[in-house]
Amino acid sequence: MFWLDRPERPEPLAPLVENIDADLVIVGGGFTGLWTALLANDVDPDKDIVLIERTRIGDGGTGRNGGFVAASLTHGFGNGLSRWPEELSTLLEFGQRNLEDIETFVKLNGIDCDFRRAGEIDVAVADHQVSELRESVQQMKEFGLDVEFLDQDAMQGRVASPTYLAGLWDQHSVALVDPARLAWGLLETARRRGIRIYENTEITDFDDEHDRVVLHAGSQRVTAAKAVIATNAFPSLISSVRHRVVPVYDYVLMTEPLTDSQWRAIGWADREGVSDSGNQFHYYRPTEDGRILWGGYDAVYHSGNGFGPQFENDDDAYQRLATHFLQTFPQLDGIRFTHAWGGAIDTCSRFTAFWGTEAAGKVAYVAGFTGLGVGSSRFAAQVTLDLLDDHDSTRTRLEMVRSKPLPFPPEPLRSLGIKWTTTSLQHADAKGGRRNLWLRTLDRLGLGFDS
Ligand SMILES: Cc1cc2nc3c(=O)[nH]c(=O)nc-3n(C[C@H](O)[C@H](O)[C@H](O)COP(=O)(O)OP(=O)(O)OC[C@H]3O[C@@H](n4cnc5c(N)ncnc54)[C@H](O)[C@@H]3O)c2cc1C
């Protein structure tokens with residue numbers, strides 16, 4: 001995997017081999033778990049914090065993603081507007097502050113992770129998407145967002161592709177990062193602060209024992225006053241999460257570094273993040289060493305919440321991605337893809353994180369980022385700590401935080417529903433964005449399937 005398999009990857013940390021006690025134990029060493037540990041330490045540097053990771057830090061979505069750090073906490077402006085119009089202004093403010101806090105943290109702690117406030121362009125690649133982008137720009141401006149509509153010439157002036165018809169340029173709400181180096185920087189900062197981290201240790205279940213929670217890892221026990229479950233798309237220790245989250249596999253290609261003349265052929269002087277605006281969309285971005293990461297489009301669900309390394313490669317998805325890449329950038333014909341990988345996204349039916357507590361409030365969890373958790377995981381971690389402390393705050397009063405997504409139906413209806421929704425979304429993309437009766441019904445119910 002391009003991001004993770006590099007010489008700067010830290011040495012593995014020792015697994016847990018004894019019974020231990022802690023004030024707070026965090027399960028899962030991705031962005032959510034790491035931020036939870038660091039934010040809890042900010043509040044109380046004397047708190048004894050332990051983080052337990054099943055394999056290696058960053059092995060989940062955290063080390064596999066596109067590195068788009070979005071301010072959006074709602075999986076995009078449109079989803080936020082349709083679900084929480086009343087509190088969207090507050091959510092936008094929280095999101096923007098969250099992005100700025102991540103940037104400040106990276107700088108203050110000297111984390112070398114190519115964090116750049118590069119911005120993002122949503123491109124229209126079909127006629128109906130042009131008017132949709134124009135309308136989005138209008139709506140976003142009404143909420144005070146500084147975004148710009150790019151007509152075809154302006155768009156082509158930024159990045160040249162025969163498929164581009166227009167763009168929505170959002171300069172302020174998205175950064176790009178090298179995700180693994182960010183995770184490793186968070187890991188190093190956490191260790192410097194005395195947070196104990198164990199790798200290659202899987203928590204299999206937990207018990208509520210009066211004023212303590214006991215987590216089991218094989219024959220070892222971790223006893224703590226409080227615990228946070230930050231395990232994203234992995235099979236959850238919380239049974240209600242398994243009804244609300246489906247693991248969906250998303251795939252990525254990485255090109256070899258482009259030559260100067262290849263870069264000149266496509267422009268892209270400002271090296272922004274780009275994504276296209278169909279229901280099935282690609283996201284892509286330049287890397288520090290001059291490659292293009294190109295991912296998305298397919299979002300593959302395997303029956304029975306299928307999960308595991310056997311789904312992390314998909315030759316058909318890679319082939320489709322390569323074909324779409326060359327349709328977008330025919331100037332780069334002959335370029336080689338040097339890396340390809342996949343990873344699971346924790347899709348829920350409202351596309352944004354949700355929270356809850358168990359064990360009489362001693363265990364808090366968050367899941368459901370649906371493919372946009374690089375930035376929002378830090379906000380999610382703050383909320384999780386608020387909930388553990390029973391802390392009434394502007395964050396915990398948000399409807400987005402208090403409510404949960406509707407669960408997915410059991411199998412075989414779950415597989416059938418997802419299949420039918422995916423097919424309907426493909427048809428909508430091919431038919432000028434027109435949504436069939438099934439999609440319109442789901443829209444009315446506030447349900448959906450996305451990545
Ligand atoms: C291909 C791909 C591209 C993406 N692109 C973007 C993007 O550009 N921008 C964006 O915002 N989001 C993106 N995402 C989503 C983003 O990566 C995630 O939302 C984010 O990393 C979630 O972090 P996390 O810590 O919650 O989960 P994870 O990084 O998945 O971490 C969960 C951790 O928990 C550990 N774990 C699980 N169960 C146990 C257990 N029982 N005991 C101990 N440890 C356990 C796992 O090993 C894992 O390390 C993408 C995801 C994928 C797969």
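For ligands, and for the atoms within them, numbers begin at 1 and follow the listed sequence.
- Nearest to atom 51 (C) of ligand 1 among the protein's heavy atoms is Ile345 CG1, 3.7 Å.
- Side chain of Ser277 to backbone of Gln129: no donor-acceptor contact under 3.5 angstrom is found.
- The heavy atom nearest to atom 36 (N) of ligand 1, considering only Thr32, Asn232, Thr231, is found in Thr231.
- Summary of contacts: the protein heavy atom closest to atom 32 (C) of ligand 1 is Ala230 O, 3.5 Å.
- Here the heavy atom of the protein found nearest to atom 9 (N) of ligand 1 is Phe68 O, 2.9 Å.
- Between the Asn19 side chain and the Arg221 main chain, a donor and an acceptor come within less than 3.5 Å of each other.
- Atoms of ligand 1 lying under 4.0 Å from at least one heavy atom of Thr201, given by number and element, are 43 (C).
- Taking 4.0 Å as the cut-off, Tyr283 counts as a neighbour of ligand 1 on heavy-atom distance.
- The ligand atoms of ligand 1 that sit less than 4.0 angstrom from a heavy atom of Phe234 are 30 (O), 37 (C), 38 (N), 46 (C), 47 (O), 48 (C).
- Annotation: atom 2 (C) of ligand 1 to nearest protein heavy atom, Asp250 OD2, 3.6 Å.
- Comparing Gly60, Gly371, Gly342, Gly375 against atom 15 (C) of ligand 1, the shortest heavy-atom distance belongs to Gly371.
- Residue Gly30 approaches ligand 1 through these ligand atoms, each under 4.0 Å from one of its heavy atoms: 25 (O), 29 (O), 31 (O).
- A donor-acceptor pair under 3.5 Å links the side-chain atoms of Asp346 to the main chain of Gly368, judged by distance alone.
- Taking every non-hydrogen atom of Val252 and a distance limit under 4.0 Å, the qualifying atoms of ligand 1 come out as 1 (C).
- In terms of protein heavy atoms, atom 20 (C) of ligand 1 is closest to Gly373 C, 4.1 Å.
- Taking atom 34 (O) of ligand 1 as the reference point, the nearest protein heavy-atom neighbour is Gly28 CA, 3.2 Å.
- Taking every non-hydrogen atom of Ile52 and a distance limit under 4.0 Å, the qualifying atoms of ligand 1 come out as 43 (C), 44 (N).
- Contact annotation for Ala344 and ligand 1: only backbone heavy atoms (N, CA, C, O) come within less than 4.0 Å of the ligand.
- When atom types are taken as modelled, the side chain of Arg117 and the backbone of Glu103 share no donor-acceptor pair closer than 3.5 angstrom.
- When the heavy atoms of Val374, Leu176, Asn200, Thr55 are ranked by distance to atom 10 (C) of ligand 1, first place goes to Val374.
- For atom 48 (C) of ligand 1, the nearest non-hydrogen atom from the set Glu202, Glu53, Arg285 belongs to Glu53.
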Legend entry - Ser89 and Glu87: CA distance, side-chain angles, deciding distance, side chain to side chain donor-acceptor pair (under 3.5 Å) verdict: CA-CA 6 Å; Ser89 295; Glu87 65 185 26; over 6 Å; no
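- In terms of protein heavy atoms, atom 6 (C) of ligand 1 is closest to Asn65 CB, 3.3 Å.
- Under a cutoff of 6.0 Å and an axis angle of 45°, Arg83 and Phe351 form a cation-pi pair.
- Ligand 1 places these atoms under 4.0 Å from at least one heavy atom of Ile203: 40 (C), 41 (N), 42 (N), 43 (C).
- Residue Gly343 has at least one heavy-atom neighbour below 4.0 Å for each of these atoms of ligand 1: 53 (C).
- Ligand 1 has no atom lying under 4.0 Å from any heavy atom of Ser377.
- Closest protein heavy atom to atom 45 (C) of ligand 1: Arg54 CB, 3.4 Å.
- Annotation for ligand 1: atoms under 4.0 Å from non-hydrogen atoms of Phe369 are 19 (O), 26 (O).
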